Amino acid sequence: MRKTNKKKVIICGITGQDGSYLAELLLKKNYEVHGIVRRSSNDNFIRINHLLNRITLHFGDVLDSLSLLKIISEVKPDEVYNLAAQSQVYIGFDIPEYTSNVTGLGALRLLECIKLVNKNIKYFQAVSSEIFGDTKDCPQNESTQLNPKNPYGISKMYAYQMTKSYRDSYNMFACNGILYNHESPRRSENFVTRKITKAIAKIIAKEQNELFLGNIDDKRDWGYAKDYVEAMYLMLQQDKPDDYIISTGEIHSVRDFLDVAFKLVNLDWHKYVKINQNLVRPLDHRNVIFQGDNSKAKKNLNWKPKTSFNELVKLMVESDLKEKGINL
Ligand code: NDP
Ligand code: GDR
């Protein structure tokens with residue numbers, strides 16, 4: 001293991017959207033960055049290829065406590081960020097046991113390893129607006145009652161409560177970020193925003209002429225992933241550990257996203273979008289609007305989202321067009 005005076009961090013989930021942006025941020029802040037990666041038959045380093053000579057990767061898995069214990073004992077980090085999850089809500093309905101194991105118990109395994117190795121290691125847990133589930137409150141804040149309804153949200157609630165429990169029971173510096181939807185050009189295509197922006201690029205390149213979607217009236221509080229990883233970092237720099245809602249506070253429907261995105265390329269989305277009932281989720285028609293009240297993060301962390309909805313849509317469309325060699 002290299003010996004440096006730099007602060008050391010382990011990012012679990014470094015190959016994901018947020019992990020890659022967080023690694024970039026922490027490298028800028030002069031951290032020695034370590035990442036936990038899963039063995040895969042295919043290259044899953046696509047989002048971090050540009051960082052590979054500046055970070056250290058360790059094979060491990062949140063399903064494998066011994067791997068976590070070994071990595072944490074060897075690296076001796078100052079901070080651990082747990083971004084690892086089966087993060088797709090609808091896939092949670094198909095594989096609820098696996099989702100609970102990775103997304104819920106994964107947090108417990110990391111917390112327990114930290115407790116065993118060094119209780120002073122600071123811990124960030126990524127949780128989700130899905131923990132509020134079928135809430136009547138809008139906007140939600142840190143005091144809103146938890147009422148998750150799907151396997152993913154229930155697993156995140158478990159991770160959230162465990163993080164609080166280790167903070168209270170063992171005096172550990174453990175924080176939950178209650179994150180609302182955040183997107184970017186690095187978002188995986190099975191989320192609706194990237195599915196739309198990728199489809200636009202393919203439509204313009206004449207490789208696709210239909211886009212199948214589920215419930216387009218659903219609304220979300222969409223922010224930019226790069227802004228959100230700054231909030232994660234700030235949470236671990238405070239004097240006291242706490243939980244924070246990270247959101248924009250603004251809501252838009254999938255229709256709004258379609259409007260803004262297709263307008264950028266002067267196309268009418270009604271001509272391309274088709275509704276596929278198989279893409280409508282079991283609990284999609286509940287009367288819930290996920291809208292986060294971010295005042296606590298604004299006040300205590302001095303954080304605010306820097307990127308507007310329209311800017312976010314534009315930078316995603318622009319990036320997908322660029323991949324096809326087309327300028328906006
Ligand atoms: P991604 O799905 O892009 O990334 C998930 C990461 O977890 C990947 O690096 C993945 O590795 C890793 N992972 C999955 N299973 C395991 C495992 N068993 N052991 C170790 N690593 C594993 O998610 P995002 O970056 O978008 O989100 C980061 C976190 O924030 C997640 O926990 C997500 O649930 C949460 N969140 C995200 C929101 C969003 O809108 N983006 C909103 C609310 C919460 P691999 O590349 O090998 O698959
Ligand atoms: P979400 O994001 O479930 O909110 O989870 P997603 O982009 O999958 O869905 C957003 C909304 O769009 C509607 N929708 C579709 N969604 C997908 N994926 N594909 C479609 O074709 C489609 N058509 C309409 C959905 O019904 C939904 O209403 C994200 C993830 O990052 C989670 O990990 C995170 O916890 C939450 O955000 C907050």
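Remember, predicted model here, so these are calculated numbers, not experimental data. Whatever order the structure lists ligands and atoms in, that order sets their numbers, starting from 1.
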Chemist: Is the closest side-chain donor-acceptor distance between N82 and Q125 under 3.5 Å?
Modeler: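 Side chains of N82 and Q125: pair found under 3.5 Å.
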
Chemist: Report the part of T193 in contact with ligand 2, treating N, CA, C, O as backbone and CB onward as side chain, heavy atoms under 4.0 Å; options are side chain, backbone, both, neither.
Modeler: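 Neither part.
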
Chemist: With a cutoff of 4.0 Å, is Y152 in contact with ligand 2, counting heavy atoms of the residue only?
Modeler: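 Yes, that is the case, since the closest heavy atom of the residue is under 4.0 Å from the ligand.
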
Chemist: Answer with yes or no whether Q88 contacts ligand 2, where contact means a heavy atom under 4.0 Å from a ligand atom.
Modeler: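 Within the 4.0 Å threshold, so yes.
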
Chemist: For ligand 2, is any non-hydrogen atom under 4.0 Å from V192's backbone (N, CA, C, O), its side chain (CB onward), both, or neither?
Modeler: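 Answer for V192: both.
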
Chemist: Side chains of E130 and N150 only: does a donor on one sit below 3.5 Å from an acceptor on the other?
Modeler: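 A pair is found: one side chain offers a donor N or O, the other an acceptor, under 3.5 Å apart.
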
Chemist: Please work out, at 4.0 Å between heavy atoms, whether the side chain, the backbone, both, or neither of Y152 comes within that distance of ligand 1.
Modeler: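 The part of Y152 near ligand 1 is the side chain, not the backbone.
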
Chemist: For a quick check under 3.5 Å, do Y166 and E112 share a side-chain donor-acceptor pair by atom type?
Modeler: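 Note: Y166 and E112 side chains meet the donor-acceptor criterion.
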
Chemist: Only heavy atoms count here, so choose which of Q88, R39, H182, E183 is nearest to atom 39 (C) of ligand 1.
Modeler: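 Nearest option to atom 39 (C) of ligand 1, by heavy atoms: H182.
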
Chemist: Nearest non-hydrogen contact with atom 24 (C) of ligand 2 belongs to which option: I275, N215, V280, L213?
Modeler: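 Going through I275, N215, V280, L213 one by one, N215 has the nearest heavy atom to atom 24 (C) of ligand 2.
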
Chemist: Give the atom numbers and elements of ligand 1 that come within less than 4.0 Å of a heavy atom of N181.
Modeler: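 Contacts of ligand 1 toward N181, numbered from 1: 40 (O).
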
Chemist: Any non-hydrogen atom of Y228 lying under 4.0 Å from ligand 1?
Modeler: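 Distance cut 4.0 Å: Y228 fails for ligand 1.
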
Chemist: Would you tell me which option among S87, S247, S67 has the nearest heavy-atom contact to atom 23 (O) of ligand 1?
Modeler: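 Among S87, S247, S67, the closest heavy atom to atom 23 (O) of ligand 1 comes from S87.
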
Chemist: Is it true that I216 lies under 4.0 Å from ligand 2, counting heavy atoms only?
Modeler: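 No, I216 has no heavy atoms under 4.0 Å from ligand 2.
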
Chemist: Is there a donor-acceptor contact under 3.5 Å linking the side chains of S308 and N310?
Modeler: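 Their side chains do not contain a donor-acceptor pair, so the 3.5 Å distance test is not met.
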
Chemist: Please work out whether any backbone atom (N, CA, C, O) or any side-chain heavy atom from C-beta onward of V102 is under 4.0 Å from ligand 1, and answer side chain, backbone, both or neither.
Modeler: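 For V102, the contact with ligand 1 is made by the side chain alone.
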
Chemist: Going by atom types alone, do E79 and Q237 pair a side-chain donor with an acceptor below 3.5 Å?
Modeler: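 The criterion, which ignores hydrogens and geometry beyond distance, is satisfied for Q237 and E79.
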
Chemist: From atom 36 (C) of ligand 2, work out which of I196, T103, N190, N181 has a heavy atom at the shortest distance.
Modeler: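 Going through I196, T103, N190, N181 one by one, N181 has the nearest heavy atom to atom 36 (C) of ligand 2.
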
Chemist: Mark the output for K156 as yes if a heavy-atom distance to ligand 1 is under 4.0 Å, and as no if none is.
Modeler: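 True for this residue.
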
Chemist: Please work out which of the three classes, parallel, tilted or perpendicular, describes the rings of F124 and Y81, given edges at 30° and 60°.
Modeler: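 Judged by the thresholds at 30° and 60°, the geometry between Y81 and F124 is tilted.
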
Chemist: Is there a donor-acceptor contact under 3.5 Å linking the side chains of E230 and Y21?
Modeler: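 The answer is no; no qualifying pair exists.
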
Chemist: Between R38 and ligand 1, which part of the residue brings a heavy atom under 4.0 Å of the ligand: side chain, backbone, both or neither?
Modeler: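 For R38, the contact with ligand 1 is made by the side chain alone.
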
Chemist: What part of R187, side chain, backbone, both or neither, has a heavy atom within less than 4.0 angstrom of ligand 1?
Modeler: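 Looking at R187 and ligand 1, just side chain atoms fall under 4.0 Å.
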
Chemist: Within the supplied structure, the quantity of interest is the number of heavy atoms (other residues, nucleotides, ligands) at a distance under 6.0 Å from D239 CG; does it exceed 12?
Modeler: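 No - once you tally the heavy atoms of other residues, nucleotides and ligands closer than 6.0 Å, there are 12 at most.
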
Chemist: Which of the atoms of ligand 1 are close to T15, meaning less than 4.0 Å from one of its heavy atoms?
Modeler: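 It comes down to these atoms of ligand 1: 8 (C), 9 (O), 10 (C), 11 (O), 45 (P), 46 (O), 47 (O).
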
Chemist: Please determine whether the number of non-hydrogen atoms from other residues, nucleotides or ligands lying under 6.0 Å from atom CG of N171 exceeds 12.
Modeler: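 Not buried by this count: 12 neighbours or fewer within 6.0 Å.
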
Chemist: Would you say the side-chain atoms of N44 and T15 include a donor-acceptor pair closer than 3.5 Å?
Modeler: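 There is no such pair between these side chains.
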
Chemist: Considering only heavy atoms of G16, which atoms of ligand 1 have at least one such atom less than 4.0 Å away?
Modeler: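 Reading through ligand 1 atom by atom, the close ones are 3 (O), 4 (O), 8 (C), 9 (O), 25 (O).
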
Chemist: So which of R220, R109, Q17, Q86 gets nearest to atom 3 (O) of ligand 1, if we judge by its closest heavy atom?
Modeler: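 Nearest option to atom 3 (O) of ligand 1, by heavy atoms: Q17.
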
Chemist: Looking only at the side chains, is there a donor atom on one of Y224 and E311 sitting less than 3.5 Å from an acceptor on the other?
Modeler: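 No.
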
Chemist: When you look for heavy atoms under 4.0 Å from ligand 1, do you find them on the side chain of V127, its backbone, both, or neither?
Modeler: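 For V127, the contact with ligand 1 is made by the backbone alone.
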
Chemist: Looking at the rings of Y228 and W303, which for Trp means the six-membered one, are their centres under 6.0 Å apart?
Modeler: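 Yes.
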
Chemist: For L179, is at least one N or O under 3.5 Å away from an N or O on ligand 2?
Modeler: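 Checking ligand 2 against L179, no N or O pair falls under 3.5 Å apart.
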
Chemist: Can you see whether H252 engages D221 through a side-chain donor-acceptor pair at a distance of less than 3.5 angstrom?
Modeler: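 Absent: no donor and acceptor within the cut-off.
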
Chemist: Return yes when R187 approaches ligand 2 closer than 4.0 angstrom through a heavy atom, no otherwise.
Modeler: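 True for this residue.
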
